[in-house]
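Whatever order the structure lists them in is the order used to number ligands and atoms, beginning at 1. Sequence positions, counted from 1, serve as the residue numbers for this chain.
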Amino acid sequence: MSATQHVASTLQNAVIIKHYTLAFLTRDQNGCNEVLLGMKKRGFGAGKWNGFGGKVEPSDPTVADAAAREMTEEANITVHGSDMQDKGTLVFTFTGKPEVMHVHVYQVTKYSGIPTETEEMRPQWYQYSAIPYSSMWSDDKYWLPSLLEGHKIIGQFDFDSDEAKIHHYVLDTIEH
Ligand SMILES: Nc1nc2c([nH]c(=O)n2[C@H]2C[C@H](O)[C@@H](COP(=O)(O)OP(=O)(O)OP(=O)(O)O)O2)c(=O)[nH]1
């Protein structure tokens, strides 16, 4: 079974699915590629660098609009859902938790405003060669490099109940 089939089967058999967004803003800075990460200041994933995102709300017209809303709320910049490029799907499970997290992953390059700190996130630009993987979710090092190389990713990471150790994962990288 491919990773993509494994993910589809997990989502089909899940009793509770919660939908989230995760978006990476990237720019070319004098010929050097950079990605905006945010230090999560509170809640789930606090103390880790991450892209921007959160729960999809019933009031969001589309999932891409939810991703844009979260980026605006967390980094004080304006981005539009129509500029969100679909970069794939990540599924997370945690031992002992019935719900499956379905994370819709995006990349965006168009924005206006200057990223500034909010109650939830402290944003900072990172060169691709200096991404702080040791201070990020432990799955990110498996798929973020492929995403930043321009590929789409479909993966599932099964964490222990401590939300730290991955006991199983599958990942497909779709060459672009
Ligand atoms: N890079 C990465 N991101 C992850 C992982 N797991 C995980 O939930 N995320 C992302 C998905 C979401 O963008 C974010 C979790 O959403 P959240 O709890 O902050 O949602 P929210 O802002 O709506 O929550 P709230 O605090 O406002 O209630 O973390 C992971 O393993 N790696």
Side-chain angles (χ1 to χ4, degrees), residues 3 7 10-11 14 16-26 35-77 79 81 84-108 115 117-124 126 128 130-149 151-173:
V7 167
T10 299
L11 292 174
I16 308 168
I17 299 178
K18 291 197 173 161
H19 290 268
Y20 292 81
T21 64
L22 179 63
F24 293 91
L25 175 64
T26 58
V35 59
L36 187 73
L37 298 177
M39 168 51 69
K40 185 94 188 283
K41 292 162 62 177
R42 62 170 194 209
F44 191 61
K48 293 185 175 75
W49 292 100
N50 203 353
F52 298 85
K55 290 179 206 76
V56 179
E57 303 289 349
S59 55
D60 293 314
T62 66
V63 178
D65 289 330
R69 174 186 55 72
E70 285 283 349
M71 191 160 260
T72 298
E73 285 174 9
E74 294 181 349
N76 268 328
I77 50 175
V79 290
M84 287 284 169
Q85 301 159 35
D86 176 12
K87 299 304 281 186
T89 299
L90 292 170
V91 164
F92 300 110
T93 71
F94 298 92
T95 301
K97 281 198 185 166
E99 68 262 20
V100 167
M101 294 181 73
H102 179 164
V103 180
H104 305 258
V105 187
Y106 296 93
Q107 181 176 8
V108 64
E117 184 166 348
T118 62
E119 279 187 6
E120 206 166 330
M121 288 285 219
R122 176 163 53 84
Q124 186 173 317
Y126 280 95
Y128 284 11
I131 293 174
Y133 285 107
S134 59
S135 305
M136 298 172 74
W137 281 96
S138 51
D139 52 289
D140 295 17
K141 59 182 173 294
Y142 296 112
W143 53 265
L144 186 54
S146 300
L147 185 154
L148 295 174
E149 277 166 23
H151 307 306
K152 278 178 80 162
I153 42 115
I154 297 179
Q156 177 173 333
F157 295 84
D158 299 323
F159 281 83
D160 287 355
S161 55
D162 64 359
E163 297 172 1
K165 187 164 176 286
I166 297 165
H167 60 258
H168 181 255
Y169 81 92
V170 294
L171 179 66
D172 271 347
T173 297

> Just checking, is any N or O donor in the side chain of Q156 or T10 under 3.5 Å from an acceptor N or O on the other one?
Replying inline: yes
> List by chain and number: which residues place a heavy atom under 4.0 Å from ligand 1?
Replying inline: Y20, T21, L22, K40, F44, N50, G53, G54, K55, E70, E74, F92, M101, E120, W137, D139, D140, W143
Donor-acceptor pairs under 3.5 Å, side chain of residues 141-148 to any protein atom, not counting sequence neighbours: which ones?
{"unit_1": "K141", "atom_1": "NZ", "unit_2": "S138", "atom_2": "O", "d": "2.7"}
{"unit_1": "W143", "atom_1": "NE1", "unit_2": "D139", "atom_2": "O", "d": "3.2"}
{"unit_1": "W143", "atom_1": "NE1", "unit_2": "D139", "atom_2": "OD2", "d": "2.8"}

> Side chains of T26 and Q107: is there a donor and an acceptor less than 3.5 Å apart?
Replying inline: yes
> Among pairs that include at least one residue of residues 51-61, which meet side-chain hydrogen bond (donor to acceptor under 3.5 Å, both in side chains), considering only residues two or more places apart or in two chains?
Replying inline: D60-R69
What donor-acceptor contacts under 3.5 angstrom involve side-chain atoms of residues 90-97, with partners at least two apart or in another chain?
{"unit_1": "T93", "atom_1": "OG1", "unit_2": "D158", "atom_2": "OD1", "d": "2.5"}
{"unit_1": "T95", "atom_1": "OG1", "unit_2": "F159", "atom_2": "O", "d": "3.2"}
{"unit_1": "K97", "atom_1": "NZ", "unit_2": "E163", "atom_2": "OE2", "d": "3.0"}

>> For L36 versus A75, what's the shortest heavy-atom pair and its separation?
In response: CD2-CB, 4.4 Å
